[in-house]
Each structure stands twice: as C-alpha cells, then as structure tokens.
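Below is one structure; the comments refer to it alone.
What's counted below: heavy atoms across the whole structure, side chains too, no hydrogens, waters or symmetry copies. In what follows, residues are counted from 1 in the order of the sequence shown. Read the numbers this way: they start at 1 and go in the same order the structure lists the ligands and their atoms.
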Amino acid sequence: MEKISVKDARDESSIGSTCQLQGWVRTRRDSKAGFSFIEINDGSSQGNIQIIAEAALENYESEVRQLTAGCSISVEGEIKESGGRGQKTEMLAQKICVYGWADPETYPLQKKRHSMEKLREWAHLRPRTNTFGAVARVRNCICNSIHQFYQEQGFLYINTPVITASDCEGAGEMFQVTTMKLDEIAKQKIENLNYRFDFFDKPSYLTVSGQLEAETYACALGKVYTFGPTFRAENSNTSRHLAEFWMIEPEVAFADLNDNMDLAEKFLKRIFADALSKCSEDLEFFNERIDETKSLIERLSTIVESEFVRLPYTEAVEILLKADVKFDYAVEWGIDLQSEHERYLTEKHFEKPVILFDYPKTIKPFYMYCNDDDKTVRAMDVLVPGVGEIIGGSQREHRLDILESRMKDQDLDINDYWWYTDLRKYGTVPHAGFGLGLERAVQFVTSMSNIRDVIPFPRTPGNAEF
Ligand code: ATP
Ligand code: MN
C-alpha cells in the first residue's frame, strides 16, 4: 500500500485514495456514538490529519482507545472529504498499528502550553510541537533559498576551515582547540605553554568567520559563498547571540560597497519572498500565534516590495542625537552603535530595513576599505525591525600599503597574515562581501523572540546539553 505524507493526505487531490499514513498522535477524542477521532502529525506540514477510528477495528478497545499524545502509529485507510471545520480531508481507518506508546504520566508534551524556557529543556522533543516543527520547516526553506539564490547567479559554494589559527575579527572571543591535556597542565603549573606539543604546533581556534579564506577564492574564481558553522565565545546572554551559529558569507571580486549593498538587499528579499510563498501555512501560524502585533506576513510582504534605506553612519548619528528618546548609551560620532540605537533607526525612525555604511575606522576591523576622508571605512550593516543587525559586511582593503598600515594600527603581526597580504601583492582587485547570520534571518522570518529557539540545539554560556 502506498505511504503518503500527512501533507499530501490533507490535499483534496488525495480524496478517494486508499493509502498508509505514519505519524505521532497529537490528540484522541472518543465520541459517544462509539468511535474515535485521532489527530496525527508527521512533520510534513503544520496541520494534522484527522483519523476516524470505528469500534469495528479489531484492536479498538485494546489499543486505539488507549492512544495518547506522543504515541507513534501507522494507519491504513481511505481519504475522505471532511465535513469538519478547517480541514478538507480525513482518513477512515481500516487498520491501525501502534509502533510505540508514550506514557501520559511522564511524556512531557501534554496538551497544555509550555513556556519556551521549559521547551528548551526538552530540546530533543520540542520539534514535535507546532512551533518548533514550523521553525524547522522555515529554517530548511531559508537554507534551500540561500543555495538556490547563489547558484542561480553563478556563485561557487566553498567550504572554509572550521579550525583556524587566524582570528578574523582580531577581537578575541574564540574557542581554543587543543589536544593538550588541560588537567595535567593545571597540575604541573606550567608557566609558558610550548605549542610544539600541541596538535597544530601553534594556538588554534574554532573559526569566527570564513571571510579571509573566502577572499582567497573570490580573488581567483570571482564569486563564491560559504555556508557553515561559526563559533564565538562571547559571554553575552542576549536573545540574539549564540556561541555556535551558521553564517553565509558571499565574497565577490571586482565589486565595491554599492554592489555589496545591492547583493545583500536582493538576497534578503529573495529569502523572505520564498518563505512567504513556500511556507505560507507556517507563516500564518507565526503571524497568529507568535508575532506580538500579528503583522508578520504584512511586514515581510512590504519589505519584499519596498527599497531598503541606505544611510551613512554619520547621518544616523545625527538622527539619533535628535531623537526624543533616552538611550542607555549616549550617542556621539565614533561610538559603536548599540542594539538600542540600531533598533530605534529601523523600528521607530524608518520602520523598514536600513543599511548603514561608512563607519568610523576606529571601531572596525583592519580589512575594511579606507575612505578618502581617512576617518571612515566602507563597512555596512543591514538592520531589520525586531532583530537589529542581521548582516555585517564591507568592501575590502585591496591596497597593500594601506592594509599593512591598518594592521600595524591594530597591533596585528603582518607575518601571521602573509597569505592574506599576498592577495594584494599579486593581481589585487577591489572586492567585497558580507556575513548573514542564519539564525537571525530565521528569527526575522518567524518572529521568534529568542535566537535559542530557531536552532535545534542552542549553544550558549553554560549550556551544551544534547
Ligand atoms: P553583533 O554586533 O550583533 O554581536 P557582530 O557585528 O559581532 O554582531 P559580524 O561579525 O558582523 O557580527 O557577523 C556577521 C553576522 O553574523 C551578524 O550580522 C549576525 O547576523 C551574525 N552573528 C554575529 N554574531 C552572532 C552570534 N553570536 N550569534 C548569532 N549570530 C551572530
Ligand atoms: Mn557586524
């Protein structure tokens, strides 16, 4: 007998077919007339399908009437048109087999609503809930769009190393990777570690970004992108930071900051448009049940149609200085904008995505292209309502002398970056790129307020369970 998904079974086109469904019980209701309604879900769609189980089933009393939330079953039967509200089809069961029971005394996902915090403790079971099923489907849709978008435009997908000896941001906050035995070292009270005894012969870390390596491929192959895990040991317990997250980093040769902004805007719009068209049922769920103002779908649709604001940092500072709100952090030219400032701009002042660019060079890494004013660099951040910074990028400094003097300013050892400076010695070209945090994109598309709820198993300070 043909196995079909609940998603397909819910479609009118399946009416009349006899088939097999497999899934997990969400609810069971017994009617006085001597039959039961069982709702099952198999993850293929937000909605469940209703199974009608009649008393004539041989295991009706012994098993069907014992089914509770979480039990896994197989059902064979005929798909019928449904008279019920909000469903086009239902299945009249001819045979029901139980794969596994779920003791209602201990199964955590009972009908009542659980807090997001509680569900995080059950990260292994939360994908069985409506919310986390929907997050997983939307996240998958976004990943698929990302690859499609770049592949259609001739970008090459490259894989940059997860373990690296270079600190791309020059800002620390890296996880060290070592095969040295820390507890033995602690016992010996060694003062100067000799890295000759470590696996890579020098201090090595989990990558914070694949950008520098991606630049080497862009400066040979033109258009490339990475899509992989990145790690930051920042000890910030915010709703927008993870210690392990996924980043997409396109890098384009013969491109400047304007090209970079165009690419970022087109890219985000494509992700949002695909989510709207391919995950409409899940987005309606987020719109009604998760979004505070029930305006998610409207917001995404408007963004896909309208132009992002593009604003130099200096003008953003002027707007913030005139704003009639009290910020926790005072604003003046030269500061690194705080999340409250970014959110004021994108949520209150413009009420749409904003690309800020030309930041003070003192707050940005060495590799960003220096403007002629000698005060700013060609950096850009894309800010969106509800999330704040979703993309950070820049045109890269491709002039060797300026790059080297910037490295000196930031106390970096030029020798450590010999291969990076080689790109400027041999056939250097203007180039640009950015990084999109996948989880921030998923947050934006779902309205989920905490980033820990848009990745299957969040890694945060003090938490690496599962
Ligand atoms: P923030 O200021 O929000 O900490 P950042 O400026 O350190 O971010 P970038 O180095 O520009 O971030 O990284 C590029 C993108 O990666 C960011 O725009 C964001 O979408 C994402 N990102 C950065 N740090 C994290 C994190 N800890 N968890 C999840 N996503 C992150
Ligand atoms: Mn940034």
Side-chain angles (χ1 to χ4, degrees), residues 139 142 146 160 164 166-175 205-212 214-215 225-251 257 260-261 263-265 267-268 271 308 313 316 329 335-343 345-346 353-357 359-360 363-368 377-396 432-446 448-461 463-464:
R139 185 178 166 113
I142 292 175
I146 290 168
T160 48
T164 174
S166 68
D167 174 357
C168 169
E169 302 292 317
E173 298 180 336
M174 302 181 86
F175 288 100
Y205 307 91
L206 292 179
T207 185
V208 293
S209 159
Q211 178 203 318
L212 303 190
E215 282 186 51
Y225 69 106
T226 72
F227 187 164
T230 37
F231 307 86
R232 297 195 185 174
E234 45 203 350
N235 213 344
S236 44
N237 261 311
T238 77
S239 58
R240 286 174 196 74
H241 290 91
L242 291 163
E244 177 182 289
F245 62 100
W246 288 67
M247 187 144 67
I248 299 90
E249 296 182 274
E251 189 71 36
L257 192 72
N260 211 28
M261 292 197 259
L263 182 69
E265 180 165 345
F267 175 43
L268 288 176
I271 293 176
F308 290 11
Y313 168 92
Y329 292 85
I335 64 155
D336 204 356
L337 298 182
Q338 298 292 320
S339 160
E340 56 173 343
H341 307 132
E342 297 177 340
R343 294 186 64 166
L345 291 167
T346 180
V354 179
I355 309 183
L356 291 187
F357 63 95
Y359 281 76
I363 57 169
K364 290 291 180 186
F366 70 95
Y367 52 72
M368 296 186 176
V377 289
R378 304 235 82 187
M380 64 170 213
D381 275 0
V382 182
L383 316 176
V384 294
V387 171
E389 179 185 332
I390 192 168
I391 280 179
S394 66
Q395 181 177 334
R396 319 306 187 188
F434 59 79
L436 167 72
L438 174 65
E439 287 75 19
R440 299 226 181 139
V442 181
Q443 265 192 292
F444 186 67
V445 171
T446 58
M448 293 293 285
S449 57
N450 197 310
I451 197 164
R452 297 166 197 213
D453 300 326
V454 297
I455 188 166
F457 300 103
R459 298 298 181 237
T460 50
N463 188 4

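Defined by atom type and a distance below 3.5 Å, a donor-acceptor pair is missing between the side-chain atoms of Glu342 and Gln338.
Between the side chain of Arg396 and the backbone N or O of Gly433 there is at least one donor-acceptor pair closer than 3.5 Å. A donor-acceptor pair under 3.5 Å is formed between the side chain of Gln443 and the backbone N or O of Ser449.
Remark: Thr230 engages Thr207, Phe245, Met247 in a side-chain contact (heavy atoms from CB on, under 4.5 Å) (not counting sequence neighbours). Looking at residues two or more places apart in sequence or on another chain, you find a side-chain contact (heavy atoms from CB on, under 4.5 Å) between Thr346 and Val354, Leu383, Pro385.
Each of the atoms 29 (C) of ligand 1 lies under 4.0 Å from some heavy atom of Ile451. The contact set between ligand 1 and Gly392, taken as ligand atoms under 4.0 Å from a residue heavy atom, comprises 11 (O), 18 (O). Applying the 4.0 Å criterion to heavy atoms of Glu234 picks out, from ligand 1, the atoms 24 (N), 26 (C), 27 (N).
Under 4.0 angstrom from ligand 1, the non-hydrogen atoms of Ile390 all belong to its backbone. With a heavy-atom cut-off of 4.0 Å, His241 touches ligand 1 through backbone and side chain alike. Contacts between Glu439 and ligand 1 below 4.0 angstrom, taking non-hydrogen atoms only, are absent altogether. With a 4.0 Å cut-off on non-hydrogen atoms, Ile391 touches ligand 1 through its backbone and not its side chain.
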Verdict with reasoning, Glu249 to Phe434, per side-chain contact (heavy atoms from CB on, under 4.5 Å): CA-CA 6 Å; Glu249 296 182 274; Phe434 59 79; over 6 Å; no
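A tilted orientation is assigned to the rings of Tyr359 and Tyr313, their planes being inclined by 30° to 60°.
Heavy atoms from other residues, nucleotides or ligands lying under 6.0 Å from CZ of Phe457 number more than 12.
Inclusion of Met247 in the set of residues having an N or O under 3.5 Å from an N or O of ligand 1 is not warranted. Between Leu436 and ligand 1, no pair of N/O atoms sits closer than 3.5 Å.
Judged by the shortest distance from any of its heavy atoms, Arg232 lies inside the 4.0 Å radius around the atoms of ligand 1.
For atom 3 (O) of ligand 1, the nearest non-hydrogen atom from the set Glu389, Gln443, Arg440 belongs to Arg440.
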